[in-house]
Amino acid sequence: PVVQYSIILEGGHLLDDINKPGVASLTATLMNEGTRNKTPEELEDAIRLLGANISFYGSNENITMRVSTLARNFEKTLSLAEEMLFEPRWDEEQFNLAKSRTVNNLKRNKANPSYLASNTLNKLIYGENNILSIEPVGTEASVNAIIIDDLKSYYEKNFSPSLARFIIVGNIDQARVETALASINSKWQAKDVMIPDIKVPEPPEKSQIYFVDIPDAKQSVISIGCP
């Protein structure tokens, strides 16, 4: 018997500064790397001892904490999830490693035709000055410019229960869930967070074809899209 649940925080990449995209994604990544009282290794061991899985990840429109646990360990796992949510470690070493991994992935993606097609399509659909024209992890230049204080600032401004949803399924009843969530509900103070309206350009008057020329490419990718 297992329980799976998610805490979904609206915003994500939409709340990134267009001049420094990738902060939301890196914030989510670093939330996995230890807590105030646990090193990354100690946190990993604590999760594994419960037979659980807890992970943060960022996307275009939200940051999500996803948890899977044995039903009998629900409260213990939720306690760890609460610690991760409220007491991130902000480990400098893990921050630098996460930045390096992201930049290396972006460099590798330059040789990936699907990635190039998707990026080009997003820029054509949303326009250059739209946050959604940039992928959530950012660009090489923006990621290299991010400092750990940017992550702390994003967390302080945008992690609010007013943007959060808790979705759960599994071998558990509502009363037990509500009792277990009492601690999070009492600690988490709401903040005034405004998610910006995203303006999508009007569809083009006629269909157009765009090419991304990769010399000596061994394959082609065709992407078809509209706003």
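Just so you know, residue 1 is the first one in the sequence shown, and it goes up from there. A quick note: this is a predicted structure, and the numbers were derived from the prediction, not measured.
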| query | Under a 4.5 Å cut-off applied to non-hydrogen side-chain atoms, are I8 and F166 in contact? | reply | no

| query | Can you name the nearest heavy-atom pair linking M31 to P88, along with the distance? | reply | SD-CB, 3.8 Å

| task | Using the side-chain contact (heavy atoms from CB on, under 4.5 Å) rule, take L121 and I224 through it: C-alpha gap first, then chi angles, then the decisive distance, then the call. | result | CA-CA 8 Å; L121 185 62; I224 303 171; over 6 Å; no

| query | With no hydrogens and no angle check, is any side-chain donor or acceptor of R89 less than 3.5 Å from a backbone partner on E33? | reply | no

| field | Side-chain donor-acceptor contact under 3.5 Å, N37 with T35 | value | no

| Under 4.5 Å between side-chain heavy atoms, hopping through other hydrophobics if needed: is there a path connecting I134 to Y57? | no

| field | Test item: N122 and L132 side chains (from C-beta on) under 4.5 Å apart, heavy atoms | value | no

| message | Please determine whether the number of non-hydrogen atoms from other residues, nucleotides or ligands lying under 6.0 Å from atom CD of E82 exceeds 12. | response | yes

| said: Is the ring pair Y5/F74 parallel, tilted or perpendicular, if the boundaries are 30 and 60 degrees? | reply: perpendicular

| Between R36 and E83, is there a side-chain N and carboxylate O pair less than 4.0 Å apart? | no

| Does the side-chain contact (heavy atoms from CB on, under 4.5 Å) test come out yes or no for F159 and F86, once each step is laid out? | CA-CA 9 Å; F159 272 60; F86 292 135; over 6 Å; no

| Neighbour count above 12 (heavy atom, 6.0 Å) for R72 CZ | no

| Test: K20 and D17 ion pair at under 4.0 Å | no

| Donor-acceptor side-chain pairing of Y154 and D150 below 3.5 angstrom | no

